[in-house]
Structures are given as C-alpha cells and as structure tokens.
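Structure, as structure tokens:
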There are 2 protein chains.
Amino acid sequence: MVTIKDVAKLADVSIATVSRVVNGYAHVRPEVRDAVNKAIDALGYRRNGLASSFRTQQSNIVGVLLRQQRTPFSSALAYAIETTMFDQGYRVLLCSTNGDADREQAYLETMLDMRVQGIIIRPSATTARTVKQVSTLRESGVSVAFVDMKPKIASISSVVCDNFSGGYQGMRHLIELGHRKIGVVAGGIAQRGGSQDVGSERVRGIRQAAHDLADDVEIVFSHPFDTASFEVGREAGQAMITGSPGITAIFGTTDMLAIGVMHAAHALGLELPRDLSILGYDGVLESAVTFPTLSTIAQPIHEMGQIAAMTLIDHMREASKSPRQVVLENTLIQRASTIPLEI
Amino acid sequence: MVTIKDVAKLADVSIATVSRVVNGYAHVRPEVRDAVNKAIDALGYRRNGLASSFRTQQSNIVGVLLRQQRTPFSSALAYAIETTMFDQGYRVLLCSTNGDADREQAYLETMLDMRVQGIIIRPSATTARTVKQVSTLRESGVSVAFVDMKPKIASISSVVCDNFSGGYQGMRHLIELGHRKIGVVAGGIAQRGGSQDVGSERVRGIRQAAHDLADDVEIVFSHPFDTASFEVGREAGQAMITGSPGITAIFGTTDMLAIGVMHAAHALGLELPRDLSILGYDGVLESAVTFPTLSTIAQPIHEMGQIAAMTLIDHMREASKSPRQVVLENTLIQRASTIPLEI
DNA sequence: CGCTATCTTGTAAACGTTTTCAATACAAGC
DNA sequence: GCTTGTATTGAAAACGTTTACAAGATAGCG
C-alpha cells in the first residue's frame, strides 16, 4: 500500500505538505500542490481512511438502527436516510435489529467502536436498556435523532408523523362516506407500557373522530396486535367480517394489515369495494398495487427520512444546536377501496 | 475517553497485558486477568475500534453493493446477507447505487478507504468501469463475491439462480395447464451488451420450453424492458391484452411485472384467473398478497444471501480458497392465479 | 536597510492499539 | 545447584495520518 510518505518522497516535500494538499488546506504554493497531485496520481495513492479516522477520532459514518428491514415502510425510510446522508458526504451503517435486544446492543456497540458521529434510531419498544444505551451514546459525544417515535427525553431530536391526526382523518373519511359500523384492525401497538407508540396514537385519533363527528358510529376493535403483518390482518379481518355482521368498512392501522383484510374479504366472497370499504395507513408502494387499489393515510416517508438525516447532520456539525421535534402531517390518498356507503 | 493506558495503570500492569486480556489471548495469569477485567469494568473501558482497526489495517465491516434498496427482492436479499454476516461477527455497510455509476464509484471508494475485508456486489449493468473497479479492489486484497449475476471473470465467486431453468419451468407449467397462446412481459433486461443478465436468461428458458414441449405454442413477447416495475407491467399488460386477443396466460418475468399485468387485467374488466392466468417470477412477499394470489417461480432469496455471505466469509478467512460458482434452483409456487385452460 | 506581518514548509509529536522481542520467574529434570 | 524449557510479563516500536509549533522565506512598510 502506498502511503503519504511515498508521495512525499516522490514529490520531494514533507508528509505534512502532502496531508495539506490531500485535505485541501490553504497555504500551499500552486506549483507544490501540482507536484504533489502528480505524485499522487503517479503512485495511485489513496488516503488510508482507517488511519485518518483514527487520528481524528471520527469516521464519516452514521449509524441507522431500525427495527426491521424487510418491511416496505422500513426500507423506504432507510432509503431516504441513506440517499440524504450520501449527498451530504456521510455513509450509513444500516442495522436492523428485528426486535432482538441483543442485536440492538451489539450494533450499538459496533457503532460506538467505530466512533460514528451520529445515530438515527427507530427504537424497538424503547426498553429501559435502549434508553440507557442512548444516554451512554450521547455522553460519548454521539449525536442522536429518533425517527417515527418521540423520545421521552426531550433533549433528543425527533421526527414523527402526527398519528393521532392521521387516525382522525381516516375515520373522518369513512364517516363522511356514510359508514357507521366500522371495524378497526389495530396493529403496531406496544404490548407493555408505551402508550406513546404509533399504533396507539392512531387508535386514539380514531376514537376521537368517532366521538367528535357522529353520534351513531359504532367501532368494532380487533385485539390490539403488536405486529402489523399481512397474516395478522387476514386473520383479524376474517374474524371481524364473519363475527360482526353489518360492518361496512374496515380501517387497518397499517397498509399490510389492510391488505390482509382485503384478502380475507376476497376469500369470503365479498366483492370489493361494493361490499366493504377498506382503508389502510402508511402509503407504502404496495398499497398502490392491490386490487382494488388501497385508499390509505399516507405518511411522508421520504420526507421523514430526509428531515431526520438533516437534523442529525445539523447536530453533528454543530453540537450546540438545540434539539428539534418535528411533527409531519399524514394525508389521505383516496383510491378505489373506499366508496360511499350505498343505502 | 478511557484508554488502555488508564486500565493498565489502575490494574498495575502494562498495556500489552491489557491488550492481551481484551483480545482473549492465552498466557495471562488468571488473577491478572481478573484484575484487568475489574479495572475495565470500573473505568467503563471500551476498546477504541478505530485504533484497533487502524493498527490491524482491517475492519470487521463488509460492503454490500446493491442496485436498489426499495424493491422487495433487494431488501429481502440485503436482509439475508446482513443477518448472516452479523451472526459471523461482521457488520455490513449497505449501499444502494440506484443505477447511478457515480454513487457506485463513491461507495466503492468509501469501502476501500475503510479497508473493508470483503464486498458483495449485485452489479448494475456491470459496466466496464465496474469491472475495472472490482479488479482494483481485488488487487488491494479485498475479497469479492457476486450475487444474482455471474461474473465474466471466472476467478470471482458468485451465487446465482438458474434463471434459464426457471423460465423453462414457468413455461412448462403454463403449457401443462393447456395454454397455447402465452404472453411474456419481459423486464430486467440489460439494454446494451450483457446477454448473461437475469432477464435474458429467463426469456431463453421460456423460448426453449416452448420449443421443447409443444408444437403449437405461440408466444407474444413484450418489448424487452430494462426496468421491471409495477408500472411497466401494467402498461405492457394493457397493451398485450388489448393488442393480442386470444392470449390466455401471461408470464411476467418478475413478480412486480406480473402484478402490474394483473392490474391491467382487472382494469380491463377481466375476471381472474378465469379469463387470464398470470405467472410471476421471484417469489417476493408481495406475490402472496395479490388477488388472486400469484403463482410464481420462486427464488430462494434468503438462501442466496446466506450462501453469498458465507462464501465471502470463506474467502476473507482464507484468501487462498478457490472461487466457487453456486447455482441455485428456482421452484414453482402454484397459487391461485394460474389455472387450467377451460376449453 | 530593518522591522513586522504573512505565507509556506518541515519537524516531530501525538492518536490507541497490536505485536515483536527480550526479560524475568518458575518448574522440572538431572 | 545447574540447565533447560515454558509461562508470564513489560518495553518499545510500529501503523499512517493530522497538527502544533517553529523556522525560513517573502513581502510590505517606514
């Protein structure tokens, strides 16, 4: 491997000068700069990133810790973060914990070891352990930002969507279409403790809308699931359709749940959307691909990722920057799966 | 930051001993080991990964370079690689080039800078530039493995699926169901050069099956698209259904293409699968979620990722390991979207 | 010309770890 | 007791870079 010394020797300057050229510092005479660059090209020198990171004690790597990686939502979010970071000169170490606290621990340690400058976390159930780890991180000077979950610690920046308002909007949409007996398949709800989680917020919005907007609305809730998968949606949907006759619309608190419900409805011989309106939540790619296409409360996923990345970058570049809590709005995308109730 | 020196001082040993304890080497007296460990705990020492990587000139990071990140196939693959690597003690720097050669270049440089031990690549169109970069990499001692594409350079390990056989199988399935006029929506085909690409292989298999298995099969090919998105599938499907009457089955060379075709069929008022059988390729999660559920030629995506990871690890641990070309089989998953032709 | 200010460059010291080499201690065998 | 071998430890050098400091060069100014 060709080092800075080799370049210095060939260009007949000191290693300090080479370093200055490599890092683009001022105070180098143009002819010297050219000579150094020529030597660099001639030798095919590349700065040893490991050495340079070691010396400066920081890498241009930021960690991104997500629960899952395979879900549409997560991968869209990861993508948004990654591209934004890339454009700003940072590289991303992406980690999916898959709900495994040990993995989360191991990854956080790796990140610490690598002296990442910052971390974006979409926390698991935000266990006490995670909280402690995050504190440790911040003590060691790592910037932290949360995405899709508001931290209890107010000094941490975060980007979330207003899930309460989203639930409210979705419910209003269904009520305005004339539906009065509405099923809700609720997923993504932390089983223990955290009432601040995304799923619960959506349910809260749903309840509030029903309370505000019509006296005669009847909501049939599913069991509050912690997962939000297609399978869960299908089973819950089936149970709901067969168990609660008279339901004319089902609101899945996740697109994948809603798609599962859609399948259950198909399987039970319902014609959609005539016999049942179905509403999803998230606005992932898949929702545009169902039959019928799924109306959904869309999250600005790309924007979330982008803002989270930029917020973290702000903190990394200027540690004194005061924390920022960003709340984004969800918006209804009306497609084919929700129609007015025919009387 | 507490360093090895602090620990050494507190435990009253030399830094060498601390290093030996930290790295679990033999030849340390148990009581000394305990004393060091106690000091480590007391001070909260963590090895400085940057320094250690610098000293040994290698990180436990491997690079994974994918075209996309948002597609179901890619994220499933990435997930498989990542978990396998994690379990083996490696961490993954995941990069999605999104077809942008400059990004690919930048990422490869980052990886080189970080002295990654190995790289898994799912190449873009494998431009001349990529080939050159890969050579550079290997010269600098980085292990390389390809996934989902056979490299032209035989000395590189790779894991691919037998796309020819997959195309053949799919066609046989449709022919056995009695279909004789079959549409093929072909995507994922490199526009320039590379006839070894995944899409072309599938088409080759399709042609061969038609040639082998029945004299009276008529295939209607779409334009060979380079992308394989839902939208492309929908447009091609619409054109095919309206433009070529008499087609009773359509084979999309990608699940997303097939799902697009399915939408076009729905939109044109066809009843599925009665009026049209549709077959996909890939076996991504989404294929199980369509209506009707999509029959598809499934790739063992998880296995691909796993084997690619393990192959790379083999090479990293033992540089002399001879290259390995793994070919996996695709298998038909018959679901609801393909049925026997009613006469 | 002398003085100061600015620009340019080199020397050398870090950064925290791993690792080679040598030294010491201890046990075993004679 | 002496030799030999092995287990344990420490001193010190390296890894390639950045950077503080100093020193030399140059220019500006009176």
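Each chain gets a letter, A, B and so on, in the order the sequences are listed, and its residues count up from 1.
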Nucleotide N/O of nucleotides 4-7 of chain D paired with protein N/O under 3.5 Å:
none

Can you pull every protein N or O that's under 3.5 Å from an N or O on nucleotides 21-25 of chain D?
none

Each nucleotide N or O in nucleotides 15-17 of chain D that has a protein N or O under 3.5 Å away: list the pair and distance.
from, atom 1, to, atom 2, distance (Å)
dT17(D), OP1, Tyr45(A), OH, 2.4
dT17(D), OP1, Asn48(A), N, 3.2
dT17(D), OP2, Ile4(A), N, 2.5

Can you give each donor-acceptor pair under 3.5 Å made by side-chain atoms of residues 25-33 of chain B, sequence neighbours left out, with the distance rounded to 0.1 Å?
from, atom 1, to, atom 2, distance (Å)
Arg29(B), NH1, Glu31(B), OE2, 3.1
Arg33(B), NH2, Tyr25(B), O, 3.1

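Residues that satisfy the salt bridge (Lys or Arg N to Asp or Glu O under 4.0 Å) test with Asp41(A), not counting sequence neighbours, are absent from this structure.
In this structure, the helix from dC1(C)-dG30(D) to dC30(C)-dG1(D) shows an angle of 40° between the axis at its start and the axis at its end, each fitted on 5 base pairs and rounded to 10°.
Summarising the geometry, atom OG belonging to Ser143(A) is positioned 8.5 Å from atom CZ belonging to Arg138(A); distances are rounded to the nearest 0.5 Å.
By the 30° and 60° cut-offs, the orientation of the rings of Phe54(B) relative to Phe54(A) is parallel.
Salt bridge Arg46(B)/Asp113(A): present, at least one basic N to carboxylate O contact under 4.0 Å.
Val13(B) comes within contact range of the sugar-phosphate backbone alone, with a heavy-atom separation under 4.0 Å but no base atom that close. Among the heavy atoms of the strands, none lies under 4.0 Å from Val22(A).
The nucleotide whose nearest atom lies closest to any side-chain atom of Ser14(B) is, among dG10(D), dT9(D), dT19(C), dG10(D).
The backbone N or O of Cys161(A) lies less than 3.5 Å from no partner atom in the side chain of Asp148(A), so there is not a single donor-acceptor pair.
For the pair Arg122(A) and Phe146(A), the cation-pi criterion (under 6.0 Å, within 45° of the ring axis) is not fulfilled.
Between the side chains of Gln306(A) and Thr84(A), no donor-acceptor pair of N or O atoms lies under 3.5 Å.
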